[in-house]
Participant: 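Right, I'll just put the structure down here and ask away after.
Worth saying up front: this structure is predicted, and the values here are computed from it rather than measured. We count ligands from 1, going down the list as the structure has it; atoms in each ligand are counted the same way.
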Amino acid sequence: MNDARRALPSVHVLLEQEGVRALAEHAPRAVVADAVRQVLADARAEPERAPATDAAWQAAIAARLAAHERPTLQPVLNATGVVLHTNLGRAPLAEVALAAIAEVARGFSSLEYDLDAGARGSRHVHCAALLRELTGAEDALVVNNCAAALVLALNTLANGREAIVSRGELVEIGGSFRIPDIMARSGAQMVEVGTTNRTHADDYRRACSPQTGAIVSVHRSNFTLDGFVAAVSPRDLAGIAATAGVPLIYDFGSGLMLDLAPWGLPGEPTARDAVASGASLVVMSGDKLLGGPQAGIILGDAARVDALRSNPLARALRVDKLTLAALHATLLLYREPERAVQEIPALAMLTAPQAAVRARAEAVASQLVAGGVRARVEAVEATVGGGAFPSARIPSCAVVLDGDAVRVERALRAGSLPVVGRIADGALRLDLRAIAPANDHRLVTAVMDATI
Ligand SMILES: *Cc1c(COP(=O)(O)O)cnc(C)c1O
């Protein structure tokens with residue numbers, strides 16, 4: 001080992017190599033020097049793997065520089081079996097949404113220009129008509145995300161006033177979204193009613209007062225409550241709110257636009273159901289079950305949505321043209337539900353029959369086996385993730401890699417197209433449900449690269 005260490009070249013010698021000097025033409029010398037030092041440190045730590053030739057040193061240094069240039073935000077293959085994975089960017093976009101983004105991004109657009117009038121227009125018009133049509137809402141407004149939508153709704157209706165919410169709905173959604181914190185920041189004073197497990201209509205009625213700015217109903221999107229429980233439905237709450245003369249804000253979360261019961265996912269309300277409940281305002285995400293870009297969608301009666309639009313905070317929470325383009329294209333697909341289920345990746349992934357996922361897993365596994373990788377196929381259960389169907393288990397199929405699961409899992413994450421899987425019972429499982437079929441060959445390549 002000492003011999004190998006002694007044989008390592010110096011930083012200076014490496015920097016003077018012709019191939020390394022060529023690298024310095026494309027990167028600052030200090031950055032190249034850093035890469036050289038890191039490659040030398042690796043060689044010192046693992047002398048048996050140290051580069052043996054000039055060409056090998058240069059390749060190692062070039063690889064180190066390339067790794068530096070890689071954006072930290074990079075595409076990954078989601079083999080976790082959690083379809084709407086918040087840490088992995090939630091919903092992938094439909095092809096039509098990608099095309100719409102490219103078209104609008106490439107040049108100028110009518111973002112805030114009324115082409116009919118030849119005068120200044122509003123960005124708020126772009127998705128409103130389609131949202132009205134698809135959900136039955138009187139009016140609609142799009143902001144940055146659902147958290148922003150809730151802040152805007154509360155701040156507009158209940159700033160300096162009280163907002164009534166059940167103790168069973170003081171939830172944390174993930175990504176540091178906590179209902180009590182959001183409510184506090186919106187300027188509303190939270191009035192908790194009921195208990196963790198049971199809240200009744202009378203609890204809300206008794207809490208209503210001249211100080212009430214709004215009643216808030218939060219959908220249980222990431223947990224279930226079983227046993228001795230009672231809750232007031234948004235529909236009943238809308239009645240109570242109307243009688244008391246206060247608005248109801250319904251944080252519905254998922255943005256589900258189609259009933260997925262025919263595909264074995266029953267029981268979640270759709271956006272149309274949420275609007276029909278009679279809530280004054282419904283807020284939901286664009287990048288969960290709706291399957292579009294990150295956005296917060298506000299649906300509700302015209303006067304209140306208008307009040308939100310005029311709140312100066314709406315300016316701070318507004319969306320950009322790329323989001324509006326993608327959201328519009330995604331929403332348009334819902335005019336033809338069969339097309340929506342096929343073309344919106346999140347819905348296609350959630351509704352694919354297990355047999356189809358199995359066939360793909362078997363094809364992937366056999367290619368891996370042919371390449372000398374020990375792989376087999378196993379039935380597993382996938383989940384929806386991201387804010388709906390918290391207890392649904394979707395029959396799925398995984399490619400199981402036998403061998404050192406921890407090592408392979410790490411190698412897959414470090415690859416040029418990282419793959420995020422799941423280790424269970426000591427084996428690495430790659431669930432194919434949240435991988436687009438068009439990416440199966442990339443999965444094969446990534447696994448081959450990680451297991452050699
Ligand atoms: C996901 C979720 C949110 C937060 O949505 P973002 O778009 O991530 O801000 C809020 N409320 C509910 C009920 C949710 O499910």
Side-chain angles (χ1 to χ4, degrees), residues 82-93 127 131 140-155 163 165-186 188 190 214-225 231-234 237 248-257 260 265 267-271 273-275 277 279 281-300 308 313-314 316-320 323-324 326-327 330-331 346 350 383-392:
V82 181
V83 175
L84 293 164
H85 199 304
T86 295
N87 302 148
L88 301 182
R90 289 196 188 153
L93 293 181
C127 290
L131 283 167
L141 175 63
V142 182
V143 292
N144 189 48
N145 56 15
C146 186
L150 188 58
V151 167
L152 182 61
L154 280 165
N155 181 265
V165 64
S166 160
R167 291 193 173 88
E169 296 174 4
L170 298 178
V171 301
E172 175 174 309
I173 306 285
S176 62
F177 176 103
R178 287 178 154 193
I179 292 290
D181 299 345
I182 291 279
M183 290 180 80
R185 283 298 162 137
S186 71
M190 189 169 74
I215 298 177
V216 180
S217 175
V218 184
H219 185 57
R220 281 196 197 112
S221 52
N222 56 359
F223 70 109
T224 55
L225 212 51
V232 183
S233 71
L237 215 41
L248 171 66
I249 300 170
Y250 179 16
D251 178 2
F252 153 67
S254 81
L256 179 66
M257 299 289 286
L260 295 181
L265 289 168
E268 282 281 338
T270 63
D273 297 334
V275 169
S277 72
L281 294 173
V282 170
V283 298
M284 63 189 199
S285 295
D287 56 349
K288 291 181 177 173
L289 282 168
L290 192 150
Q294 179 191 305
I297 296 169
I298 301 160
L299 307 165
L308 265 61
L313 262 185
L317 304 176
R318 75 184 188 183
V319 278
D320 76 331
T323 302
L324 289 167
L327 184 59
T330 307
L331 288 170
L350 287 171
T383 55
V384 177
F389 302 105
S391 47

Participant: Counting only N and O atoms by type, is there a donor-acceptor contact under 3.5 Å from the side chain of N155 to the main-chain atoms of S186?
Facilitator: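 Side chain of N155 to backbone of S186, a donor-acceptor pair under 3.5 Å: yes, one is there.
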Participant: As an exercise, state the distance from CZ of R178 to CD of E172, rounded to the nearest 0.5 Å.
Facilitator: 4.5 Å
Participant: Between the protein and ligand 1, which nitrogen or oxygen pairs come in under 3.5 Å, and how far apart is each?
Facilitator:
unit_1	atom_1	unit_2	atom_2	d
ligand 1	5 (O)	S285	OG	3.1
ligand 1	7 (O)	C146	N	2.9
ligand 1	7 (O)	S285	OG	2.7
ligand 1	8 (O)	R90	NH1	2.9
ligand 1	8 (O)	R90	NH2	2.9
ligand 1	9 (O)	C146	N	3.2
ligand 1	9 (O)	A147	N	2.8
ligand 1	11 (N)	D251	OD1	2.9
ligand 1	11 (N)	D251	OD2	2.7
ligand 1	15 (O)	S221	OG	2.6
ligand 1	15 (O)	K288	NZ	2.7

Participant: Between E268 and H219, is there a side-chain donor-acceptor contact under 3.5 Å, judged purely by atom types and distance?
Facilitator: yes
Participant: Please check if the number of heavy atoms outside R167 that lie under 6.0 Å from its CZ is greater than 12.
Facilitator: yes
Participant: Quick check for you: to the nearest 0.5 Å, what is the distance between F389 atom CZ and L289 atom CG?
Facilitator: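 Result: 6.0 Å between the selected atoms.
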Participant: Would you compute the distance between atom OG1 of T86 and atom CD1 of I173 and round it to the nearest 0.5 angstrom?
Facilitator: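 Going from the OG1 atom of T86 to the CD1 atom of I173 covers 9.5 Å.
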